Chemist: 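Sharing a structure, written as structure tokens. Questions coming.
In what follows, chains are A, B, ... by sequence order, proteins preceding strands, each numbered from 1. Nothing here was measured: the structure is a model prediction, and the numbers come from that model.
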Amino acid sequence: MDTDTATLPLGLSGDAYRAHVRRWLAAAVPPGFLADRPEHRPPTLDQARAWEAAMHRAGLAGITWPAEYGGHGLTLREHLIANQEIGRLALPESVNSLGKELAGPIILAIGTEAQKHRYLRPLLEMREIWCQGFSEPEAGSDLAGLRTRAVRDGDVWRVSGQKVWTSASPYAQRCLLLARTGPLEDRHRGLALFAMRMDLPGVTVRGIRQIDGKEGFAEVFLDNVPIPHEDALGAPDEGWATAIRVLGIERATNRMYRAWRFENELAHLVRACRADAALRRLLEDGGYRRRLADTVVDIAVLKGLVEPAVATLLAGQPIGARGSLMKLHWSEAHQRFAALALEMLGQASPGAGAEVRAARARFNDLYMRARAETIYAGTSEIQLGIIADRILQLPRGE
Amino acid sequence: MTGAGEHADLAAFAATAAHAVRACAALAPPAQARLLAEAGLLGILAPEAAGGLGLDLHHAVPVIAAAAAGLLGFPLAETMLLAAALADHPAGPALAAGTMTATIAWAGMAARSGGRLHGPVGRAPAAAGCDAVLVRLAEGAALVRLDAPGVTLRDGLGIDVDAPEFDVVLDGAAPVAEIGAGACARLDADALVLRTAAIMGSAETCLAMAAEHTAARRQFGRRLVAFQALRHAMARQKLAVESLRGALARCLDLAPEDELEALPARQAAFAAAARLGPAAIESALQLHGGMGFTWDLPLHRHLRRVRSVEAQGDAPGIHAAIAAALLDTNA
């Protein structure tokens with residue numbers, strides 16, 4: 001199959017869509033992209049862009065978005081199917097997940113017709129990679145402390161301030177930027193969203209070296225940046241409120257492949273253990289077998305939190321804050337698993353072969369990167385607060 | 001997936017069960033059986049020809065959860081399972097009608113010699129009030145009457161006080177009915193789902209008690225619910241309850257014939273219940289402070305119950321089976 005030209009055949013849904021996705025992935029994935037192969041080489045940024053653009057053409061991105069904006073006009077059922085199939089393979093993480101999972105849904109909800117046309121197709125075709133400009137030195141979990149100011153000046157907004165932990169900003173073309181149009185005392189009111197171009201004058205990006213040694217996120221300094229008014233998303237004082245509602249749903253539907261990727265990682269760990277005499281002995285150990293069984297159970301629980309949420313959304317019912325349950329469970333269970341994998345593979349024979357070495361490289365990296373999972377997209381403590389406040393609806397109590 | 005009509009139907013089942021469980025509190029086991037049978041609860045899983053309702057686990061799950069929430073002492077899950085498994089024998093319809101009562105000895109296996117059964121079996125909940133007990137054999141299982149010669153009950157040293165566990169000592173007892181290995185495997189697979197429902201029902205009730213207690217009690221000039229540590233503890237209990245609800249929903253969505261997926265999903269659901277349920281109840285008990293340690297509050301009874309249900313389902317054995325299946329599929 002020619003991955004450059006393969007497109008989604010019209011009218012596919014359900015099982016036929018799954019068969020198409022499975023067939024396409026089997027033919028199109030460059031084997032070196034797969035982290036569970038000894039020949040694994042992470043894609044370069046250009047390779048990742050080309051790969052994700054091909055995935056979009058084949059119908060694996062923008063699945064539920066309307067066709068007029070470059071989407072495929074399918075349902076969440078196909079979204080779930082695609083995620084299951086993507087998760088089953090050890091594919092690289094998207095380099096534009098913030099565009100596809102954060103900016104895109106917000107633009108669909110609050111963007112003007114012109115904005116939807118301007119932003120969504122370039123994003124899906126990987127011509128524009130997005131970063132997220134929410135957090136600031138004084139506003140991490142609590143965005144009410146946000147200080148970046150946006151002041152209207154004719155056709156532009158003049159924006160000044162500093163953003164931090166801005167994922168993907170070293171290579172992004174656009175930033176979903178949150179800035180304050182009113183006084184600081186307004187806290188959550190008077191926050192506006194912008195689709196800021198990263199090449200505007202006054203934008204300076206300084207990479208931050210992350211826990212895994214890479215520069216995945218950065219500080220972004222904004223000095224009187226002139227953002228055209230046409231790049232302001234939603235009304236100045238209601239953009240953020242709408243965005244928050246969108247994000248509640250997104251927390252449940254984003255990166256839905258995680259349960260199936262988790263399963264791929266667990267299978268990889270077991271296969272790697274089978275490939276080495278010292279590790280094979282661990283598979284006979286009752287303590288390790290119990291922890292492996294616990295991982296199987298954690299994955300089943302995660303699927304049980306994800307799949308009914310899709311059914312609820314398909315039935316047109318609200319899922320409230322249930323995304324917080326999934327995120328909390330997944331992030332903690334995944335960290336437990338990553339620690340187990342690190343501990344088990346660390347006992348490999350010094351002369352272990354390529355398969356074990358590849359697994360060690362994957363899980364060393366996973367263990368470190370998994371520390372972020374209980375921090376980003378709302379820390380575990382924030383998720384517990386959301387569950388207590390919005391799901392249990394516990395009284396505040398004086 | 002369940003439609004809106006079926007949803008209302010299931011809610012009605014749960015409400016009927018909750019009402020019947022409350023009414024059972026003052027009754028002895030034979031009267032409890034008649035009352036539960038009249039409410040249609042004993043024969044949910046049994047075919048209509050055997051006096052049952054011919055329904056599936058979708059309907060049994062909310063009933064078992066409600067029974068657990070109300071700390072029903074009657075062996076409801078065992079009766080449901082036996083009324084279905086013994087549908088072709090006179091005992092099945094009698095169980096569904098509440099004219100006979102039976103439980104299951106979940107631990108151990110009896111030996112057969114010359115058509116007679118021997119040996120001790122254990123973990124038979126509420127056996128003292130029952131007419132009969134199902135005991136495991138190397139192949140299948142047999143029903144024996146508890147008043148038959150060669151059958152003795154003794155305290156099983158379990159911790160449940162509402163449905164106390166008994167050992168059954170068999171010394172040449174004659175079986176009155178038998179079920180084959182296939183029916184036994186089906187019964188065990190269904191039991192995994194009902195146990196998960198029972199543990200979820202208890203955990204959910206204990207969380208509700210914790211939420212009520214922390215909203216009412218004041219310390220340090222504030223209501224306890226104002227303290228973040230306590231709110232977060234309850235949020236974790238909620239995650240446990242919803243994890244079990246989701247795991248149950250997955251089991252119920254998979255057709256029982258789907259052998260590749262159905263049994264692993266059920267084993268995983270019960271293993272999740274065995275890990276998360278007791279921990280959630282222990283946490284709810286902790287939030288009650290010293291009051292949680294008293295006999296007066298029912299938290300300890302729920303903890304006793306779920307720990308017993310966990311052991312009746314052989315949670316360590318299920319964990320071992322899950323690990324073995326993982327290693328087999330990635331051989």
Side-chain angles (χ1 to χ4, degrees), chain A residues 263 266-274 280 283-286 288-312 314-315 317 322 324-329 332-333 380-381 383-398, chain B residues 1-4 207-208 210-211 214-215 218 221-228 230-251 253 264-276 316 318-331:
Chain A
E263 212 161 39
L266 176 59
H268 186 193
L269 172 63
V270 172
R271 281 201 315 278
C273 288
R274 288 216 185 277
R280 267 197 301 278
L283 295 179
E284 300 309 314
D285 175 272
Y288 283 119
R289 287 174 83 104
R290 171 63 199 258
R291 288 165 74 186
L292 290 168
D294 281 342
T295 310
V296 173
V297 172
D298 280 334
I299 293 169
V301 165
L302 179 58
K303 289 181 182 175
L305 291 169
V306 170
E307 288 168 346
V310 172
T312 304
L314 279 169
Q317 288 156 6
R322 267 160 51 184
S324 291
L325 296 169
M326 294 173 208
K327 202 272 182 178
L328 180 63
H329 168 70
E332 294 185 340
S380 294
E381 292 70 22
Q383 307 303 340
L384 287 166
I386 291 172
I387 295 166
D389 296 348
R390 294 181 48 205
I391 300 183
L392 280 175
Q393 302 191 340
L394 297 176
R396 277 289 172 187
E398 300 308 319
Chain B
M1 311 274 128
T2 51
L207 167 56
T214 54
R218 297 182 75 85
R222 286 195 282 171
R223 293 199 284 174
L224 287 181
V225 73
F227 292 94
Q228 190 185 48
L230 278 55
R231 298 173 78 82
H232 284 191
M234 287 185 276
R236 287 200 178 274
Q237 293 166 35
K238 181 65 171 170
L239 176 60
V241 170
E242 294 308 316
S243 293
L244 299 188
R245 201 187 313 282
L248 276 169
R250 275 193 85 229
C251 293
D253 277 349
R266 290 175 177 204
Q267 289 175 329
F270 171 64
R275 167 149 56 104
L276 302 175
I318 296 295
H319 280 114
I322 292 170
L326 172 72
L327 300 186
D328 277 354
T329 49
N330 293 288

Chemist: Show the nearest heavy-atom pair for residues L394(A) and M234(B), with the distance to one decimal.
Modeler: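 Distance-wise, the nearest heavy atoms are CD1-CE, 3.8 Å.
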Chemist: Tell me, side chain or backbone of P308(A) under 4.5 Å from chain B's heavy atoms, or both, or neither?
Modeler: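 Just its side chain gets close to chain B.
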Chemist: I'd like to verify something: which residue of I391(A), D298(A), I386(A), V306(A) has the highest number of heavy-atom pairs under 4.5 Å with chain B?
Modeler: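 If we count pairs closer than 4.5 Å to chain B, D298(A) comes out on top.
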Chemist: I'd like to know which of L224(B), V225(B), L207(B) tops the heavy-atom pair count under 4.5 Å against chain A.
Modeler: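 Of L224(B), V225(B), L207(B), V225(B) has the most heavy-atom pairs under 4.5 Å with chain A.
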Chemist: Sort out for me which residue in L292(A), D294(A), V297(A) forms a side chain to side chain contact (heavy atoms under 4.5 Å, CB included) with I322(B).
Modeler: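 Result for side chain to side chain contact (heavy atoms under 4.5 Å, CB included) with I322(B): V297(A).
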Chemist: Which bit of I299(A) comes within less than 4.5 Å of chain B, counting heavy atoms only: side chain, backbone, both or neither?
Modeler: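 Neither part.
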Chemist: Return the CG to CG distance between L266(A) and N330(B), rounded to the nearest 0.5 Å.
Modeler: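 That separation rounds to 7.0 Å.
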Chemist: Where do A268(B) and A300(A) come nearest, in terms of heavy atoms and distance?
Modeler: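 Residues A268(B) and A300(A), closest heavy atoms: CB-CB, 3.5 Å.
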Chemist: Tell me, side chain or backbone of R236(B) under 4.5 Å from chain A's heavy atoms, or both, or neither?
Modeler: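 For R236(B), backbone and side chain are both near chain A.
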Chemist: Just how far is it from atom CD of E242(B) to atom CZ of R322(A), taken to the nearest 0.5 Å?
Modeler: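 One gets 7.5 Å once the value is rounded to the nearest 0.5 Å.
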Chemist: Report which part of A324(B) has an atom under 4.5 Å of a heavy atom belonging to chain A: side chain, backbone, both, or neither.
Modeler: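 Both backbone and side chain of A324(B) come within 4.5 Å of chain A.
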Chemist: Of all of E381(A), Q383(A), H268(A), which one pairs up most often with chain B through heavy atoms under 4.5 Å apart?
Modeler: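 Option with the top pair count is E381(A).
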Chemist: For R390(A), look at atom CZ and say whether over 12 heavy atoms of other residues, nucleotides or ligands are found less than 6.0 Å away.
Modeler: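 No, the 6.0 Å shell around CZ holds no more than 12 heavy atoms from other groups.
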Chemist: Chain B heavy atoms under 4.5 Å from L325(A): which part of the residue, side chain, backbone, both or neither?
Modeler: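 Both the backbone and the side chain of L325(A) come within 4.5 Å of chain B.
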Chemist: To the nearest 0.5 Å, tell me how far S324(A) OG sits from K238(B) NZ.
Modeler: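 Answer rounded to 0.5 Å: 13.0 Å.
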Chemist: Indicate yes or no: at least one non-hydrogen side-chain atom of L326(B) is less than 4.5 angstrom from one of R289(A).
Modeler: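 No, their side chains stay 4.5 Å or more apart.
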Chemist: Does any backbone or side-chain atom of A271(B) lie under 4.5 Å from a heavy atom of chain A? Answer side chain, backbone, both or neither.
Modeler: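 Contact with chain A is through both the backbone and side chain of A271(B).
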Chemist: Distance check, rounded to the nearest 0.5 Å: R231(B) atom CZ versus L384(A) atom CG?
Modeler: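 Taking CZ in R231(B) and CG in L384(A), the distance rounds to 11.5 Å.
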Chemist: Could you tell me which portion of R290(A) (side chain, backbone, both or neither) has an atom closer than 4.5 angstrom to a non-hydrogen atom of chain B?
Modeler: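 Side chain only.
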Chemist: Counting only heavy atoms closer than 4.5 Å, note whether E332(A) contacts chain B via side chain, backbone, both or neither.
Modeler: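 The side chain, not the backbone.
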Chemist: Under 4.5 Å from any heavy atom of chain A, what part of A331(B) do you find: side chain, backbone, both or neither?
Modeler: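 Both parts, heavy atoms under 4.5 Å.
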Chemist: What closest approach, in Å, do D328(B) and R274(A) show between heavy atoms, and which atom pair accounts for it?
Modeler: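 Heavy atoms only, the tightest pair is N-NH2, 4.3 Å.
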Chemist: Side chain, backbone, both or neither: which part of L244(B) has a non-hydrogen atom closer than 4.5 Å to chain A?
Modeler: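 No part of L244(B) comes within 4.5 Å of chain A.
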Chemist: Which pair of heavy atoms, one from P395(A) and one from A215(B), lies closest together, and at what distance?
Modeler: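 Shortest heavy-atom separation between P395(A) and A215(B) comes out as CG-CB, 4.0 Å.
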